[in-house]
Amino acid sequence: MAKIFSSKLLIPFFTLFTISCSVLARPPRVLPPFRVGFYQQSCPPAEYIVHKYVSKFVRLNPGLAAGLIRLHFHDCFVRGCDASVLLDGPNSEKESIPNKGSLRGLEVIDAAKAELELRCPGVVSCADILTFAARDSAWKVGNIYYDVPSGRRDGNVSLILEPLLNLPPPFFNASALRDNFARKGLSLDEMVTLSGAHSIGISHCSSFLTRLYPTVDPTLDPKYAAFLKRICPPPVNGTTVVNPTVNLDSFTPNALDNKYYVGLKVNKGLLTSDQTLFNSPLTKKIVLNNAQYGYAWATKFAAAMVKMGKIEVLTGSQGEIRKNCHAVN
Ligand code: HEM
Ligand SMILES: *[C@@H]1O[C@H](CO)[C@@H](O)[C@H](O)[C@H]1NC(C)=O
Ligand SMILES: *[C@@H]1O[C@H](CO)[C@@H](O)[C@H](O)[C@H]1NC(C)=O
Ligand SMILES: *[C@@H]1O[C@H](CO)[C@@H](O)[C@H](O)[C@H]1NC(C)=O
């Protein structure tokens, strides 16, 4: 009996006792407005519902996974992840050169939002739906899973000029890409890692036509260039007559994997902004590493997507929860 009260046991016992008491006595904790599982109380099925629609749509058309991941990027780089890219209007972001005619996956967001408004009206933001949809797309086509914080609120401004001022154009070189991503708080490694999203999806000829005509870009594999020229006709009088699409990754176009980097090693990067990552000494080593270590790349990709999803988010009482992702309330 006496042994139990030896000082050796007594001190830790009292320490534990006081710690647990202070935890119990603390007032209810205020949860942060931006956190993993934000909708756990307010709309428990939120993430499941988005996942359900992504699965359904992507099964029918794997290209929509690429569309959703790109939509999230185009949202976050312009006014932060506030769903400004989803707003309709003659002078909205949708009408800008980087977006017009090339956005995909909007119908997935609409389907998820419609069910969420029935189940939990006015609760789940369009910005979070888009973030979840991009995350679930990476899972569907890349087996890449990550948790994302939520609690983003929707903005009410979307300006046609802003995508061109914030999104990198396809003709940028490695240092210009680095500077562009740095302005959004993303590192050189994160820039190269996120470019791996070009392991899925398509590009219109207009995004790389200057690499084919009037002369073929010497950093483009000649056979690949010949193939591209067969698909993309030369401009007539300086204007593109037809504008077909080509897979961004010629090896595994529907799998989000590191084969994109293997393509860069053999001069099969489709955009100037892709091939420059291998040709510039600034980023070459990162490309070689990503090409060799697929699992390490996937881990970095997940972390960089989470980070991109945190750019300039509106939280708490900022912004609003849109009823319809196409318009402000
Ligand atoms: C590094 C700078 C980047 C540039 C210059 C760039 C540029 C482009 C261009 C020009 C296209 C083709 C658009 C078209 O012609 O239809 C495209 C497609 C795409 N981009 Fe990027 N991008 C960049 C980074 C990113 C990032 C960071 C992501 C996402 C994490 C991303 C995801 C995608 C996806 C998935 C597609 C295919 C879309 C589809 O198939 O619908 N890109 N990008
Ligand atoms: C990259 O592009 C910038 C401007 O866009 C230019 O000033 C710079 O010289 C280019 N760097 C290389 C290595 O070509
Ligand atoms: C190209 O432009 C020239 C002069 O502007 C014109 O004569 C010619 O018909 C045009 N060609 C086509 C195919 O539009
Ligand atoms: C936009 O949202 C802000 C709150 O973030 C609000 O003060 C403002 O009145 C809204 N503007 C429009 C046009 O809805």
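Quick caveat, the model's predicted, so the values are computed rather than measured. Both backbone and side-chain heavy atoms feed into the values below; hydrogens, waters and symmetry mates do not. Indexing begins at 1, ligand by ligand and atom by atom, following the structure's order. FYI, the numbering just counts along the sequence from 1.
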What atoms of ligand 1 come within less than 4.0 Å of a heavy atom belonging to [X]?
{"X": "P170", "value": "5 (C), 10 (C)"}
{"X": "L271", "value": "7 (C), 8 (C), 9 (C), 10 (C)"}
{"X": "P169", "value": "5 (C)"}
{"X": "S195", "value": "1 (C)"}
{"X": "L177", "value": "1 (C), 2 (C)"}
{"X": "L248", "value": "18 (C), 19 (C), 36 (C), 37 (C)"}
{"X": "G201", "value": "37 (C), 40 (O)"}
{"X": "P168", "value": "2 (C), 3 (C), 4 (C), 5 (C)"}

Under 3.5 Å between some N or O of ligand 1 and some N or O of [X]?
{"X": "F73", "result": "no"}
{"X": "S102", "result": "no"}
{"X": "S273", "result": "no"}
{"X": "H204", "result": "yes"}

I'd like to know if the side chain of [X] reaches the main chain of [Y], judged simply by a donor and an acceptor atom lying under 3.5 Å from each other, with no hydrogens or angles considered.
{"X": "R35", "Y": "G151", "value": "no"}
{"X": "Q275", "Y": "L264", "value": "yes"}
{"X": "R211", "Y": "D217", "value": "no"}

Between A174 and M191, what is the shortest heavy-atom contact and its length?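 Residues A174 and M191, closest heavy atoms: O-CE, 4.0 Å.
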Which atom of Y260 lies closest to which atom of D249, heavy atoms considered: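 Taking Y260 first and D249 second, the nearest heavy atoms are N-OD2, 3.5 Å.
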Between R152 and D128, is there a salt bridge with N-O shorter than 4.0 Å?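 So D128 pairs with R152 through a salt bridge.
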Is any NZ, NE, NH1 or NH2 atom of the basic residue among R135 and E47 found under 4.0 Å from an Asp or Glu carboxylate oxygen of the other?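 A salt bridge is present here (some side-chain N lies under 4.0 Å from a carboxylate O).
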Go through the side-chain N and O atoms of [X] and [Y] and say whether any donor and acceptor fall under 3.5 Å apart.
{"X": "E162", "Y": "N166", "result": "no"}
{"X": "H204", "Y": "N243", "result": "no"}
{"X": "T252", "Y": "D257", "result": "yes"}

Report yes or no: does F208 have a heavy atom closer than 4.0 Å to ligand 1?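 Contact check F208 vs ligand 1: negative.
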Are any of the protein's heavy atoms under 4.0 angstrom from atom 14 (O) of ligand 2, yes or no?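 Under 4.0 Å from atom 14 (O) of ligand 2, at least one protein heavy atom found.
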Right, does atom 2 (O) of ligand 2 have protein non-hydrogen atoms nearer than 4.0 Å?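 Yes, there is one.
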Measure [X] to ligand 1 on non-hydrogen atoms and call it side chain, backbone, both or neither using the 4.0 Å cut-off.
{"X": "H198", "result": "side chain"}
{"X": "A66", "result": "both"}
{"X": "F181", "result": "side chain"}

Is there a side-chain contact between V50 and L116, using heavy atoms and a 4.5 Å cut-off?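 Answer yes - side chains close enough.
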Side chain to side chain, E95 and N99, heavy atoms closer than 4.5 Å: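 Heavy-atom side-chain distance check fails, nothing below 4.5 Å.
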Please work out which of the three classes, parallel, tilted or perpendicular, describes the rings of F73 and F181, given edges at 30° and 60°.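 Rings of F181 and F73: parallel, under 30°.
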Return the residue, atom name and 0.1 Å-rounded distance of the protein heavy atom closest to [atom].
{"atom": "atom 10 (C) of ligand 2", "value": "N173 ND2, 2.4 Å"}
{"atom": "atom 41 (O) of ligand 1", "value": "R104 NE, 2.8 Å"}
{"atom": "atom 30 (C) of ligand 1", "value": "A197 CB, 3.6 Å"}
{"atom": "atom 38 (C) of ligand 1", "value": "R70 CD, 3.6 Å"}
{"atom": "atom 5 (O) of ligand 2", "value": "A176 CB, 4.2 Å"}

Please determine whether the number of non-hydrogen atoms from other residues, nucleotides or ligands lying under 6.0 Å from atom CD of Q40 exceeds 12.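 Incorrect, the count does not exceed 12.
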Ligand 2-proximal atoms of S175, by part, heavy-atom distance under 4.0 Å: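 Only the side chain of S175 comes within reach of ligand 2.
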